[in-house]
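Heavy atoms only: backbone and side chains are in, while hydrogens, waters and symmetry mates are out. Positions are given from 1, in the same order as the sequence printed here.
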Amino acid sequence: MKKLIAPVLSVCVCAGIALAASPQPSKDPTVVNALKQLEQDMGDAMVRVDIDKLDQIYADDFATVASSGKVITKKDLLRDFESFHDKLESFENGPMDVQVFGNVAVVHGSVTERRVRDGKDTSGEFVWMDLLEKRAGNWVVVRSAGARVK
């Protein structure tokens, strides 16, 4: 649990800084639904090992912190999927909450997944939060954090 505090706090701080300039969240259903669909598309692309789609979804400066404490970049993430080091076999997203503040959004939810990392079953239920930014007309994931539900 202690290993997950840093990534969650990091996302919260980044989101707080980004949101400070725009106090009123938008509830535009078109944007909210598009962001929920992006989250679904991300999981679908992971299952299909669609590296081109994942490359579009994640920002070039994407970063997250693994449970080991290691910083994972977009390059690391794509390499892990491409090499089958990380294999998402199936997933089911739970309800998602979306907050949109201009060109920045925070989406959080839950997922039940079957996954294999380094040949080990890491399946389970997780909660996650993604920080997204609209760049050149497209939403991209900039930061992400997640934790296993016990």
Side-chain angles (χ1 to χ4, degrees), residues 1-67 69-78 80-82 86-115 117 122-150:
M1 181 69 176
K2 290 180 182 178
K3 292 180 181 179
L4 296 173
I5 292 172
V8 171
L9 287 177
S10 175
V11 168
C12 291
V13 168
C14 291
I17 291 169
L19 301 177
S22 180
Q24 295 300 318
S26 167
K27 289 293 183 183
D28 180 343
T30 304
V31 176
V32 168
N33 290 333
L35 289 166
K36 287 180 179 181
Q37 185 61 53
L38 179 78
E39 295 291 348
Q40 181 68 36
D41 293 347
M42 181 191 322
D44 290 340
M46 288 178 180
V47 169
R48 290 190 319 267
V49 190
D50 185 343
I51 302 303
D52 291 335
K53 183 69 173 177
L54 291 172
D55 187 44
Q56 294 169 17
I57 291 172
Y58 287 96
D60 289 340
D61 58 342
F62 168 80
T64 188
V65 178
S67 60
K70 178 185 176 200
V71 174
I72 306 296
T73 66
K74 175 181 177 175
K75 181 180 174 183
D76 298 327
L77 183 136
L78 296 178
D80 286 350
F81 275 99
E82 196 169 36
D86 189 351
K87 175 67 176 144
L88 182 62
E89 296 172 347
S90 65
F91 75 102
E92 184 175 338
N93 280 324
M96 291 180 230
D97 181 63
V98 178
Q99 295 281 317
V100 181
F101 301 87
N103 286 336
V104 176
V106 178
V107 182
H108 69 86
S110 61
V111 64
T112 302
E113 60 182 39
R114 287 187 33 205
R115 183 184 295 259
R117 282 196 178 111
T122 60
S123 302
E125 294 180 46
F126 301 86
V127 291
W128 53 266
M129 181 170 26
D130 288 335
L131 176 65
L132 301 97
E133 185 177 17
K134 194 169 192 178
R135 296 180 179 175
N138 296 309
W139 289 99
V140 292
V141 178
V142 179
R143 297 289 185 272
S144 188
R148 178 181 291 278
V149 177
K150 298 260 177 176

Reported [atom1]-to-[atom2] distance for the pair [X] and [Y], which is rounded to 0.5 angstrom:
X	Y	atom1	atom2	value
Met129	Ser144	CE	OG	9.0 Å
Asp50	Asp41	CG	CG	10.0 Å
Leu54	Arg48	CG	CZ	8.5 Å
Thr64	Leu77	OG1	CG	9.0 Å
Met42	Ile57	CE	CD1	6.0 Å
Ser110	Phe126	OG	CZ	11.5 Å

Side chain proximity check, [X] to [Y], heavy atoms < 4.5 angstrom:
X	Y	answer
Lys36	Val107	no
Lys74	Asp55	yes
Lys87	Met46	no
Phe62	Lys75	no
Val100	Asp28	no
Phe91	Arg115	no
Trp128	Glu39	yes

Just list the side-chain donor-acceptor pairs under 3.5 Å for residues 131-140, sequence neighbours left out, or say none.
unit_1	atom_1	unit_2	atom_2	d
Glu133	OE1	Arg135	NE	2.9
Glu133	OE1	Arg135	NH2	3.0
Arg135	NH1	Asp61	OD1	2.9
Arg135	NH2	Asp61	OD1	3.4
Arg135	NH2	Asp61	OD2	3.3

If I compare all heavy atoms of [X] with all of [Y], which pair ends up nearest, and what's the gap?
X	Y	value
Val47	Glu89	CG1-O, 3.7 Å
Arg114	Ser123	CA-OG, 3.1 Å
Leu35	Ala105	CD1-CB, 3.6 Å

inquiry  = So, applying side-chain contact (heavy atoms from CB on, under 4.5 Å) with Val149, which one of Val127, Thr112, Val111 is it?
reply    = Val127
message = The criterion is side chain to side chain donor-acceptor pair (under 3.5 Å); which residues satisfy it with Asn33, sequence neighbours excluded?
response =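 Checked Asn33 against side chain to side chain donor-acceptor pair (under 3.5 Å); zero matches.
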message = Glu82: which residues meet the side-chain contact (heavy atoms from CB on, under 4.5 Å) condition with it, sequence neighbours left out?
response =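 In terms of side-chain contact (heavy atoms from CB on, under 4.5 Å), with neighbours along the sequence ignored, Glu82 is linked to Ile51.
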query = Are more than 12 heavy atoms from other residues, nucleotides or ligands located less than 6.0 Å from atom CD of Gln40?
reply =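 Counting neighbours around CD of Gln40, more than 12 heavy atoms of other residues, nucleotides or ligands fall under 6.0 Å, so yes.
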